Enquirer: 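Have a look at the structure that comes next, please.
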Amino acid sequence: MTRSIFSVIKPQFIALAAILLINWMLFPGFFNLFIRDGRVYGSLIDVLNRGAPVAILAIGMTAVIATRGVDLSVGAVMAIAGAVAATMVQGDGNALIVVLGAALGVGLLCGLWNGALVAVLGLQPIIATLILMVAGRGIAQTITEGFIVTFNDPGLIFLGSGSILGLPTPIIIMLALAIITTLVMRLTALGLFIESVGINRSASSYAGLRARSLLIGVYAFAGFCAAISGIIAAADIRGADANNVGLWLELDAILAVVIGGTSLMGGRFSIPMSVIGALIIQAMNTGILVSGFPPEFNLLVKAALIIIILVVQSPLAGRAWHFAARPRTKRSEVSPK
Amino acid sequence: MNPRYWPLIATITIFVLAYALAVMQFPALFSTRVLGNLLTDNAFLGVAAVGMTFVILSGGIDLSVGSVIAFSSVLIAVLITQLGIHPLPAFAITLLVTTLFGASMGTMIHYLEVPPFIVTLAGMFLARGLTFLLTQDSISVSHDFYTWVRQFYYVMPGGGRLTFNGGLMLIVFAIGIIVCHRTRFGAYVYALGGNAQSAALLGVPVARTTIGIYAVSSFLAGLSGVVYSLYTSSGYPLAAVGVELDTIAAVVIGGTLLSGGFGFMLGSLVGVFIQGMIQTYIVFDGTLSSWWTKIVIGGLLFGFIVLQRIIIAASKRDWRKKKVEAVRA
Amino acid sequence: MPQPAPILAASGIEKSFLSHKVLDDVGIELFPGEVHALLGENGAGKSTLIKILTGAYTHDAGTIMLDGQPIHPRDTRHAQEMGIGTVYQEVNLLPNMSVADNLYVGRQPMKWGLVDTRKMQRDARALLARYDLKIDPGAQLDSFSVAVQQIVAIARAVDISGKVLILDEPTASLDQHEVEILFEIVRQLKAQGMAIVFITHFLDQVYEIADRVTVLRNGRRVGSRPIEGLGRMDLVTMMLGEALEHEDAMRIGVTRKPGELYASFKNYSLTGKAAPFDLDLHKGEIVGVAGLLGSGRTEMARLLFGIDKPDTGQLTVAGQPATLREPRDAIALAFAFAPEDRKLDGIVGDLTVRENIMLALQAHRGWTKPMSGAEQSELADRYIKALDIRCTGPEQPVKFLSGGNQQKVVLARWLATNPKLLILDEPTRGIDVGAHAEIIRMINRLCDDGMSLFVISSELDEITAYSSRVLVLRERAIAGELTGEAINTTAIMEMIASEPEARPQ
Amino acid sequence: QEGLEGMTIGFSQIGSESGWRAAETSVTRQQAEEWGVNLQFSDAQQRQENQIRAIRSFVAQGVDAILLAPVVATGWEEVLSEAKDADIPVVLLDRGIEAPEDLYLTSVASDQVLEGRVAGDWLVETVGDEECRVVELQGTVGSSPAINRKQGFEEAIADHDNIEIVRSQTGDFTRALGKQVMEGFLRAENGGADICALYAHNDDMAVGAIQAIKEAGLNPGEDILVVSIDAVPDIFTAIAAGEANATVELTPNMAGPAFEALAAYLNDGVEPEKFIITESKLYTAEDDPEGEAERRRDLGY
Ligand SMILES: Nc1ncnc2c1ncn2[C@@H]1O[C@H](COP(=O)(O)OP(=O)(O)OP(=O)(O)O)[C@@H](O)[C@H]1O
Ligand SMILES: Nc1ncnc2c1ncn2[C@@H]1O[C@H](COP(=O)(O)OP(=O)(O)OP(=O)(O)O)[C@@H](O)[C@H]1O
Ligand SMILES: [Mg+2]
Ligand SMILES: [Mg+2]
């Protein structure tokens with residue numbers, strides 16, 4: 001059977017292309033790129049740059065969702081990590097490396113806490129991580145005492161608005177993290193183990209997998225990713241806004257993962273596709289920004305686009321695709337249904 | 001004792017214990033006034049929690065609840081103040097709209113095989129977006145009917161008031177308990193939560209039930225919006241942000257498993273009370289800063305859940321021993 | 001012979017999954033008052049045909065006639081309403097609901113518009129009494145063993161079916177006593193003029209109960225015959241397409257001399273699950289384990305593999321003391337365990353055949369030392385061939401395999417780890433005659449290579465065929481042991497039944 | 001200050017969503033300490049129902065007075081009449097409500113529409129007759145400051161055809177979104193060359209937007225005029241650096257006048273004015289921005 005184009009191209013790419021195209025129709029300069037001071041600018045770059053925090057969250061979230069879990073606390077962890085970084089770098093005397101280490105370490109710790117609740121205490125992931133989602137922002141505010149802690153450390157700021165090889169740093173960090181994680185998952189057996197535990201935890205532990213450590217590990221990783229995201233977000237505005245940073249971003253991250261094709265029921269996952277999912281969401285947001293719609297339409301547009309993407313990606317549409325793409329040699333005797 | 005009642009019993013025990021402890025610290029908490037307030041202030045949460053219980057029992061989730069509450073409170077306000085419709089038909093229209101809204105989410109979930117988390121997330125955006133379309137401003141409703149409803153309360157001994165809203169919530173819970181445990185629909189809900197595939201093979205009408213569940217959830221979210229409207233006499237587009245998470249937490253604290261198939265409607269009522277108690281306790285304390293408030297809420301949530309797990313684990317061990325003895329005998 | 005019109009007749013049924021054709025021009029006719037055995041190898045398409053007849057799957061082509069009228073069952077509910085009751089292969093009940101709910105979901109007795117729970121429980125009790133099952137219908141289904149659940153599923157299907165009853169491997173997890181009860185009921189239904197479809201891999205049972213057989217092979221109908229006058233060998237040949245080599249009971253176990261001691265469990269016990277026991281397992285020895293359902297065989301196996309932690313006991317492996325905290329520890333000691341519930345504890349459904357086979361070996365090596373692609377393919381191909389796993393290829397998700405083939409994948413997973421002690425819990429459940437013989441041959445071969453085997457099986461013939469030693473369990477304790485010449489079915493049965501019979505709970 | 005020693009006063013705060021809000025909370029605490037008041041604090045996490053619950057609990061506890069910073073203008077009638085029945089005076093902070101005036105003692109608030117108008121007037125005056133294309137960063141959709149500040153600004157520029165709002169999006173009152181949305185504006189408006197001024201509904205969004213403007217290679221304050229509302233320290237720093245042009249003050253000290261009114265009322269029965277409007281003062285580079293920034297640090301920012 002010759003493979004048709006329909007079965008090769010993933011619907012995510014179609015969705016992304018379609019949204020970019022719509023953006024272009026709404027705003028003709030959308031694909032323009034220009035270089036100033038050795039850095040590339042343009043709406044496409046904005047999509048990547050602004051999509052980076054959610055994409056990074058989505059990378060960690062993918063691993064968690066693959067184990068049939070979910071992490072609602074990533075937004076709060078972003079706030080905590082940002083708060084730690086900002087307060088430490090502001091109170092001078094701390095080398096940047098120490099600051100980053102501390103912030104990432106705190107994120108890791110938050111993830112370990114979540115992982116312990118899920119894997120050791122056996123709490124349901126939504127509830128386990130809801131606890132930190134509620135309390136985490138409080139912790140972050142305790143660190144900043146409710147204010148936006150601003151800083152001027154050029155090193156830290158570089159992570160938010162500097163550029164490497166002409167591209168904004170967040171894009172480079174996102175790409176690096178996505179590539180490294182994908183390689184680690186696929187070149188080692190880690191990806192297989194995570195999928196296996198997500199599909200059937202009992203069978204996996206019978207087969208000798210350390211299901212518990214693996215679970216703790218993925219939550220820790222999600223916490224780590226959230227910390228990276230939190231540092232970038234703080235660096236971007238040169239301040240830690242514990243009240244607002246990452247608010248409701250966990251939902252965007254989950255959405256990105258699902259749009260990327262990873263099932264909330266666990267199992268097969270793809271980190272690059274989750275990143276694409278995050279970019280689809282950001283392309284949508286950027287489109288709303290450049291199109292000039294009044295803001296009260298934002299949510300409607302977003303909802304409508306999500307629904308369209310869901311319909312396009314649904315198994316029902318998949319069957320229609322398959323139907324359209326199948327070779328027309330068979331007699332067409334179709335059962336009544 | 002049937003082991004499936006343990007989570008419920010654990011929840012009730014914890015609630016009673018926690019209340020007793022809180023009363024020891026703040027004796028003023030022990031009054032029918034506080035109890036009446038607990039009912040009134042959590043009425044809209046409770047009504048929504050009934051719907052959420054059905055959804056979670058079936059193994060799903062509904063994130064659109066908060067937005068639908070806001071949407072219906074605003075729609076009611078618009079209908080009454082701008083179109084001059086009497087509140088009762090306004091309520092009816094609103095409930096119809098929200099029910100259809102839920103039914104269409106259920107349709108998508110079933111026929112497009114999209115996870116409920118995502119469909120209802122889109123529903124959450126959509127409902128809030130529609131609310132903004134109706135109005136961006138908050139709208140005050142002053143109608144004789146609202147004043148009239150407000151007179152309906154029963155003064156409990158000690159001065160506490162069982163208000164119309166509080167009573168409505170209890171009635172909704174009573175109906176919810178009956179539907180959940182004594183009707184075919186209820187059995188189908190549990191069946192879907194147990195194993196959707198098996199349920200289909202056993203002849204459970206999966207499509208009808210799924211659509212029904214989300215329709216019920218949105219209907220009750222709409223009713224919750226009615227309660228909210230009566231409660232505040234207004235429609236506010238930013239109302240009830242994040243209430244879905246509160247309802248989910250209440251349902252889960254009440255002993256229902258998020259994976260579906262296990263739990264009791266009554267548990268959700270206790271879960272709502274526990275949520276309300278946490279808030280009331282914090283207000284009575286009155287010393288917590290904004291951020292410590294969040295940490296304490298998270299901590300208390302954690303405490304409740306861990307305590308519940310401990311009680312259930314202990315009971316399981318106990319149960320297994322008994323069963324073994326029974327087998328030996 | 002003047003034949004009445006068939007109740008249910010299907011013809012020209014075709015079904016493909018994506019491009020994989022599973023049923024090709026298959027038909028079947030069911031006459032009133034007959035028990036019709038549907039036979040075939042694993043993956044022949046039996047379950048798929050059943051699912052089409054009952055509306056669980058749609059078919060690509062073909063017609064189904066009920067009482068001479070063409071029907072198009074929309075879904076299983078529709079089929080039920082037309083009087084077709086079914087027990088599907090994997091027990092498809094609702095573990096979270098009560099026994100009574102499971103029996104009556106969708107058709108609960110109503111009173112004042114509400115479910116009449118009391119009547120439902122009463123009915124349930126009466127219904128189950130016919131199966132000699134005295135359990136509390138209000139208790140949650142999953143508090144009962146698989147066997148009880150199977151009976152509940154059967155009771156429900158029987159109660160629903162007005163015209164046709166379909167049973168897909170109903171006896172796979174039942175013991176003899178329960179099988180007899182089931183057959184008694186089937187005979188009654190038959191006398192009432194119902195048509196019964198019966199799928200099994202136990203040929204004895206076919207000859208005991210069936211009137212006619214239909215055989216499928218590779219998705220095609222080989223033929224339908226009355227059972228009378230059909231020889232056992234002919235039947236097997238119909239199923240396999242070739243004669244089965246030496247089906248004689250070889251009794252190899254008797255002559256085998258056990259090698260050196262490998263694992264020694266001393267004073268092992270777990271309250272409520274296993275009474276204290278001592279167990280020595282030698283290389284080159286097959287220990288067969290017999291017992292009624294619920295006698296604690298699985299419990300013992302779980303202890304041996306470190307899934308449950310014992311309350312008391314010491315373990316010595318190859319002369320060294322060892323402790324098992326989790327299965328990993330057991331695997332590190334070269335233990336392997338193919339569990340009885342393959343759906344729950346065995347296969348990882350969404351993973352491919354290849355990944356399922358390599359899983360345990362890879363877990364043992366650790367995630368940092370991945371097998372190369374070539375090594376993986378080689379491994380998968382080797383076992384697909386060795387165990388004759390019927391699949392479209394190593395990249396097929398294992399959940400799409402037929403039940404028996406899934407079982408083979410789980411076996412392959414453990415063989416790939418090259419274990420020294422292999423624990424098998426009902427390894428031949430749901431496996432066809434050809435593969436059955438193959439697996440027994442394999443067990444023997446492994447033993448000859450010096451592996452130590454601990455095999456739980458409800459089929460006494462099978463146990464006697466290969467065991468060098470047989471343990472009989474009763475009420476979670478070792479009730480006796482047979483060795484060498486003393487091993488025979490009668491002796492085992494006597495030992496099982498020597499005390500007042502323990503009914504499964 | 002005297003008159004309220006030993007009294008218990010409940011304070012229902014909206015939440016802690018911004019630096020300004022945190023400042024208001026800490027100023028209120030400071031004031032309470034100065035007055036010797038025992039402050040029962042309750043954070044409502046942005047939820048009206050939590051505020052209603054808090055007021056009910058205050059009534060049940062029998063506090064002497066209640067401060068309420070209402071999250072929304074509507075829906076207070078029932079609970080405030082309960083407080084009134086219990087003879088507990090209620091003072092509203094930082095915004096008014098739609099309810100009969102006898103339900104509260106007084107309202108200490110700014111005029112949000114006026115704030116927008118002051119900002120608009122400043123812009124009108126500054127650009128004179130030149131063409132000016134303005135981009136607007138709105139607050140949270142549906143919140144009353146966003147609605148009122150938009151309205152005030154539009155009123156101020158209504159009669160000036162040379163000034164036009166060309167783009168308006170929500171930045172949710174946050175720095176991060178302020179920056180992100182501004183980036184979008186710059187992209188869409190010819191790299192910012194077509195933008196003459198930015199009006200932000202609060203300073204935080206303006207601070208974020210200033211960064212975006214700088215990163216786009218333009219000079220905020222010169223190439224694009226920046227005017228916003230709140231007067232938090234960070235905007236004064238920006239004004240001092242010439243990166244922002246004007247801000248309209250919204251004082252976080254609402255509690256001071258409230259306590260004064262309460263003291264007078266509880267001790268002497270003096271009915272205060274119904275609406276105590278705080279000043280919406282305009283600050284520009286001429287108003288000693290460094291000094292203002294310093295002074296404000298003590299206010300709990
Ligand atoms: N949902 C599915 N998707 C793809 N292939 C399937 C699916 N279900 C079954 N198959 C394939 O159809 C074939 C027939 O399977 P079926 O379950 O009918 O076999 P069976 O005769 O019942 O075998 P067993 O005796 O092992 O139960 C198998 O090759 C199986 O891989
Ligand atoms: N009285 C009981 N209470 C609770 N669970 C029971 C009881 N009896 C049996 N079970 C459970 O039923 C299952 C079947 O029992 P077990 O596995 O010990 O039997 P077995 O001898 O291995 O039989 P099988 O042939 O079914 O494997 C076990 O999981 C056991 O825990
Ligand atoms: Mg089968
Ligand atoms: Mg067993």
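Below, chains carry the letters A, B, ... as their sequence lines are ordered, and counting in each starts from 1. We use all heavy atoms of the structure for the numbers below, so side chains are in, but hydrogens, waters and symmetry mates are not. Note that the structure is a prediction, hence the values are computed from the model and not measured.
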Enquirer: Is a side-chain N or O of D:Gln40 found less than 3.5 angstrom from the main chain of B:Phe284, in a donor-acceptor match?
Expert: yes
Enquirer: Rounded to the nearest 0.5 Å, what's the gap from CD on D:Gln13 to OG on B:Ser289? Could you check?
Expert: 12.0 Å
Enquirer: If I measure from the heavy atoms of chain B, does D:Ser144 come under 4.5 Å with its side chain, its backbone, both, or neither?
Expert: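 No part of it gets close to chain B.
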Enquirer: Can you list the steps and then say if D:Glu98 with B:Ser234 is a side chain to side chain contact (heavy atoms under 4.5 Å, CB included)?
Expert: CA-CA 10 Å; D:Glu98 291 175 31; B:Ser234 68; over 6 Å; no
Enquirer: Under 4.5 Å heavy-atom distance to chain B, tell me which part of D:Val79 shows up: side chain, backbone, both or neither.
Expert: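 D:Val79 has no heavy atom closer than 4.5 Å to chain B.
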Enquirer: Find the distance between CD1 (D:Ile97) and OG (B:Ser138) and round it off to the nearest 0.5 Å.
Expert: 11.0 Å
Enquirer: Using non-hydrogen atoms and a 4.5 Å limit, figure out which bit of D:Gln45 sits close to chain B: side chain, backbone, both or neither.
Expert: side chain
Enquirer: How many angstroms lie between CG in D:Asn50 and OG1 in B:Thr293, if you round to the nearest 0.5 Å?
Expert: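 D:Asn50 atom CG to B:Thr293 atom OG1 measures 10.0 Å (nearest 0.5 Å).
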Enquirer: Flag the one option from B:Gly235, B:Ser140, B:Ala28, B:Ser142 with the top tally of heavy-atom pairs under 4.5 Å to chain D.
Expert: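 Most heavy-atom pairs within the cutoff with chain D belong to B:Ser140.
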Enquirer: With rounding to the nearest 0.5 angstrom, report the NZ to CD distance, D:Lys150 to B:Gln136.
Expert: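 Atom-to-atom, D:Lys150:NZ and B:Gln136:CD are 8.5 Å apart.
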Enquirer: Is D:Thr74 close to chain B through its backbone or its side chain, or both, or neither, when contacts mean heavy atoms under 4.5 Å?
Expert: both
Enquirer: Based on non-hydrogen pairs under 4.5 Å, which of B:Leu288, B:Ile282, B:Ile297 is most in contact with chain D?
Expert: B:Leu288
Enquirer: Pick whichever of D:Val141, D:Asn148, D:Ile147 has the most heavy-atom pairs under 4.5 Å with chain B.
Expert: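 Most pairs with chain B among the choices: D:Val141.
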Enquirer: Which answer fits B:Phe44, side chain, backbone, both or neither, if we ask what part of it has an atom under 4.5 Å from a heavy atom of chain D?
Expert: side chain
Enquirer: Can you tell me which of B:Thr40, B:Thr287, B:Val243, B:Leu45 forms the most heavy-atom pairs within a distance under 4.5 Å of chain D?
Expert: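 Option with the greatest count: B:Val243.
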Enquirer: Tell me, for D:Arg21 versus chain B, whether the close heavy atoms (under 4.5 Å) come from the side chain, the backbone, both or neither.
Expert: neither
Enquirer: Is there a side-chain contact between B:Leu238 and D:Gln46 (heavy atoms, below 4.5 Å)?
Expert: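 They are not in side-chain contact.
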Enquirer: Examine whether an atom of D:Ser143 lies under 4.5 Å from a heavy atom of chain B, and if so say whether it belongs to the side chain, the backbone or both; otherwise answer neither.
Expert: both
Enquirer: Measuring heavy-atom distances to chain D, does B:Phe26 have an atom under 4.5 Å in its side chain, in its backbone, in both, or in neither?
Expert: neither
Enquirer: Do B:Asn37 and D:Arg53 have side chains that get closer than 4.5 Å, going by heavy atoms?
Expert: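 No, side chains not in contact.
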Enquirer: Name the one of D:Glu77, D:Glu49, D:Gln48, D:Glu78 that satisfies side chain to side chain contact (heavy atoms under 4.5 Å, CB included) with B:Thr232?
Expert: D:Gln48
Enquirer: Give, as side chain, backbone, both or neither, the part of B:Thr131 having an atom under 4.5 angstrom from any heavy atom of chain D.
Expert: neither
Enquirer: Of all of B:Val141, B:Leu29, B:Asn42, which one pairs up most often with chain D through heavy atoms under 4.5 Å apart?
Expert: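 Max contact count across the listed options: B:Asn42.
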Enquirer: Hey, could you give me the CH2/CG distance between B:Trp292 and D:Asp43, rounded to the nearest 0.5 Å?
Expert: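 Nearest 0.5 Å value for the CH2-CG distance: 14.5 Å.
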Enquirer: Which one, B:Leu38, B:Val241, B:Val34, leads in non-hydrogen pairs under 4.5 Å with chain D?
Expert: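 Between B:Leu38, B:Val241, B:Val34, the count favours B:Val241.
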